[in-house]
Visitor: 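Have a look at this one.
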Amino acid sequence: MMNLHPRIASLYENVLRRNPGELEFHQAVREVFESLGPVIAKHPEYADSSILERLCEPERQIIFRVPWIDDQNRVQIHRGFRVQFNSALGPYKGGIRFHPSVLLGTVKFLGFEQIFKNALTGLPIGGAKGGSDFDPKGKSQNEVMRFCQSFMTELYRHLGEYTDVPAGDIGVGGREIGYLFGQYKRLTNRYESGVLTGKGIAWGGSLVRTEATGYGTVFFTEQMLKTRGQTFEGKQVLVSGSGNVATYAIQKVHALGGSVIGCSDSSGVVYDPEGIDLELLRQVKEVERGRISEYARRKGGKAEYHSGAKIWKIAESTRIDVALPCATQNELNGDDARLLIRSGVQAVAEGANMPSTPEAIRLFSEAKVLFAPGKAANAGGVSTSALEMQQNASRDSWSFEYTEQRLAEIMHGIHERCAHTAEEYGRPGDYVLGANISGFTRVADAMLAFGVI
Ligand code: NDP
Ligand code: 2IT
């Protein structure tokens, strides 16, 4: 681990002491803090105004009980969260995650990341995250609906298009956003489209929002490759996960001439040397809500399925040029990074939030692998959410082509900002430093302007 600037080190100790046991939150804070030494040295006014202390303390944290009745008429109790972290740049904005692993510390790490990610987009959105330890897997449609209705019955009073605008994340896609929006509309008697993003196209959603995170990750990677005179043409790519982000990352890699030869879910890995058949993957995952083992079964002997395996192992026996972790936090560790580096990986971009461990990031940096942190590489999702809010505010809807063009421009802008900031601070090519400093200064300047609040 890198050393922290002395003023930041004592602050970090405080974060550890005040947020015991929240390991993912500690990790996310540490990663940002490691980048900020040179900024604090250059701009003592940030430290003098306790900007960092304030940034680490969420503006508001809401924790609530979510009771619902399952199909066997049993009462089920889950925990709901919304951490409204920072609203210096706009209404709180960030997704909702439904996964059994969700704890307060998970939501805090995601909300903290979201502050800097959203700042980096250049769009007027603050940072937040929400979720529940509810597991949508194996639940009936009616159970998911009843859960979403109960969740929103408690959360609605904290939301609003000028206050807090949630969206999807792991376990929350178009279906869940539909139930959440329906209940919000019913409780408030307002058709307030701008209160949630990721909505269906017929009722206020934006074209490209579904594809945006995966597409954006690939656009960002394309920009990084370009700095070394490279393109996706002919590249062999691994994409972990097989959910929303992974699916559309795969689609865009293929459109740009690369081949994704492996993807995964939490049960196992598919290795398909012909390149993943996206239509089949979408049929299995989106239509049937099945497992990727089913993908391999239907491909007969042409694709391998490895139960319980890790996707990065594919790099042991096959050349991997680009790796896009698109599943979950800490899914790519030091050993995985070593495998990828030995295989000749040139670029790694995080479609997921914090998928690489600190050791993996250090190894990529030492090996001069192009590395894009999630807060830059996966910002296309929240950016297109902000475009959805713009369309809702003007009661307009834009074409697919126009919206995708806007997304591409935003991702280019983020790449520029990261690259330029890294150069300005004497670390060309360090996208982690560039993203953290660039995101931080935009939020910090707004906070300075507002005084002590
Ligand atoms: P989905 O629920 O659509 O898909 C998640 C995928 O990751 C699934 O394949 C899932 O497998 C796998 N996965 C989830 N948790 C675990 C775990 N603990 N261990 C192993 N595999 C796991 O979610 P998204 O695609 O929306 O999100 C993926 C990542 O991208 C997350 O980190 C999210 O925060 C991030 N992200 C999402 C954005 C969005 O717009 N949706 C925007 C920016 C970032 P299984 O089905 O077996 O659980
Ligand atoms: O992590 C993320 O950026 C998201 N899950 C998307 C958030 C959003 O508000 O679109």
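As a basis for the values below, the full set of heavy atoms in this structure was taken, side chains included, without hydrogen atoms, waters or symmetry mates. Worth saying up front: this structure is predicted, and the values here are computed from it rather than measured. Counting starts at 1 for both ligands and their atoms, in listed order.
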Visitor: Can you see whether Gln76 engages His78 through a side-chain donor-acceptor pair at a distance of less than 3.5 angstrom?
Guide: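 No donor-acceptor contact under 3.5 Å links the two side chains.
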Visitor: Given Gly241, Ala327, Ala352, which one has a non-hydrogen atom that is nearest to atom 28 (C) of ligand 1?
Guide: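 Ranked by closest heavy atom to atom 28 (C) of ligand 1, first place is Ala327.
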Visitor: Could you tell me which atoms of ligand 2, counted from 1 in the order shown, lie closer than 4.0 angstrom to a heavy atom of Arg209?
Guide: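 Counting atoms of ligand 2 from 1, those under 4.0 Å from Arg209 are 6 (C), 8 (C), 10 (O).
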Visitor: Checking a contact table here: which protein heavy atom is nearest atom 6 (C) of ligand 1, and how many Å away?
Guide: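 Closest protein heavy atom to atom 6 (C) of ligand 1: Gly243 N, 4.0 Å.
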Visitor: Examine Pro166 against ligand 2 and note whether any of their N/O atoms are separated by less than 3.5 Å.
Guide: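 Not met; the criterion fails.
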Visitor: Do the ring centers of Phe134 and Phe151 come within less than 6.0 Å of each other?
Guide: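 Ring-ring flag for Phe134/Phe151: false, centres at least 6.0 Å apart.
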Visitor: Salt bridge check, Arg297 against Glu294: does any charged N sit closer than 4.0 Å to a carboxylate O?
Guide: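 Here Glu294 pairs with Arg297 in a salt bridge, since their nearest N and O are under 4.0 Å apart.
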Visitor: Suppose we measure from atom 3 (O) of ligand 1 to each protein heavy atom; which comes out shortest, and what is that distance?
Guide: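 Heavy-atom neighbour on the protein nearest atom 3 (O) of ligand 1: Asn244 N, 2.9 Å.
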Visitor: What atoms in ligand 1 come closer than 4.0 Å to a heavy atom of Ser242?
Guide: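 Matching atoms, with element in brackets: 9 (O).
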Visitor: Return the closest protein heavy atom for atom 48 (O) of ligand 1 as residue, atom name and distance.
Guide: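 Among all protein heavy atoms, the one nearest atom 48 (O) of ligand 1 is Lys137 NZ, 2.9 Å.
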Visitor: May I ask you to identify the nearest protein heavy atom to atom 37 (C) of ligand 1, giving residue, atom name and distance to one decimal place in Å?
Guide: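 Minimum-distance protein heavy atom for atom 37 (C) of ligand 1 reads Val245 CG2, 3.5 Å.
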Visitor: Could you establish whether Arg291 and ligand 1 come within less than 4.0 Å of each other, counting only heavy atoms on the residue side?
Guide: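 Flag set, Arg291 near ligand 1.
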Visitor: Looking at ligand 1, does Ser101 have a heavy atom less than 4.0 Å from it?
Guide: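 So Ser101 does not count as touching ligand 1.
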Visitor: Please determine whether a side-chain nitrogen of the Lys or Arg among Glu288 and Arg298 lies less than 4.0 Å from a carboxylate oxygen of the Asp or Glu.
Guide: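 Salt bridge present between Glu288 and Arg298.
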Visitor: Report yes if some N/O of Asp169 lies less than 3.5 Å from some N/O of ligand 2; otherwise report no.
Guide: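 Such a contact does occur with ligand 2.
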Visitor: In the protein, which heavy atom is nearest to atom 2 (C) of ligand 2, and how far is it?
Guide: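 Checking every protein heavy atom, the shortest distance to atom 2 (C) of ligand 2 gives Lys117 NZ, 3.2 Å.
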Visitor: In terms of atom number and element, which parts of ligand 1 are under 4.0 angstrom from non-hydrogen atoms of Gly351?
Guide: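 Under 4.0 Å from Gly351, ligand 1 has these atoms: 30 (O), 35 (C), 36 (N), 44 (C).
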Visitor: Take every heavy atom of Arg97, measure it against each atom of ligand 1, and state whether any distance is under 4.0 Å.
Guide: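 The answer is yes: ligand 1 sits under 4.0 Å from a heavy atom of Arg97.
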Visitor: Measuring only between side-chain heavy atoms, which start at C-beta, is Ser101 closer than 4.5 Å to Thr106?
Guide: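 The answer is no, as the side chains (C-beta and beyond) never meet within the 4.5 Å cut-off.
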Visitor: Which bit of Thr213 is near ligand 2, meaning a heavy atom under 4.0 Å away: side chain, backbone, both or neither?
Guide: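 Near ligand 2, Thr213 shows nothing, with every heavy atom at 4.0 Å or more.
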Visitor: Right, does atom 33 (C) of ligand 1 have protein non-hydrogen atoms nearer than 4.0 Å?
Guide: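 Protein heavy atom within 4.0 Å of atom 33 (C) of ligand 1: present.
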Visitor: Applying a heavy-atom cut-off of 4.0 Å, say which part of Lys129 lies close to ligand 2: side chain, backbone, both or neither.
Guide: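 The answer is the side chain of Lys129.
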Visitor: Can you sort out which atoms of ligand 2 are near Ser385, meaning under 4.0 Å from one of its heavy atoms?
Guide: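 Matching atoms, with element in brackets: 8 (C), 9 (O), 10 (O).
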Visitor: Identify the protein heavy atom lying closest to atom 14 (C) of ligand 1, giving its residue, its atom name and the separation to 0.1 Å.
Guide: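 Closest protein heavy atom to atom 14 (C) of ligand 1: Ile170 CD1, 4.0 Å.
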Visitor: Closest by any non-hydrogen atom to atom 40 (O) of ligand 1: pick that one out of Ile311, Thr328, Thr213.
Guide: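 Considering heavy atoms of Ile311, Thr328, Thr213, the nearest to atom 40 (O) of ligand 1 sits in Thr213.
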Visitor: Specify the protein heavy atom at minimum distance from atom 11 (O) of ligand 1: its residue, its atom name, and the distance to 0.1 Å.
Guide: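 I find the closest protein heavy atom is Ser266 N, 3.3 Å.
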Visitor: State plainly whether the residues Lys299 and Glu274 are in salt-bridge range, i.e. N to O under 4.0 Å.
Guide: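 Between Glu274 and Lys299 there is a salt bridge, with a charged N closer than 4.0 Å to a carboxylate O.
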Visitor: With a 3.5 Å cut-off and no angle check, do the side chains of Lys93 and Thr197 form a donor-acceptor pair?
Guide: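 Side-chain D/A pair, Lys93 to Thr197: present.
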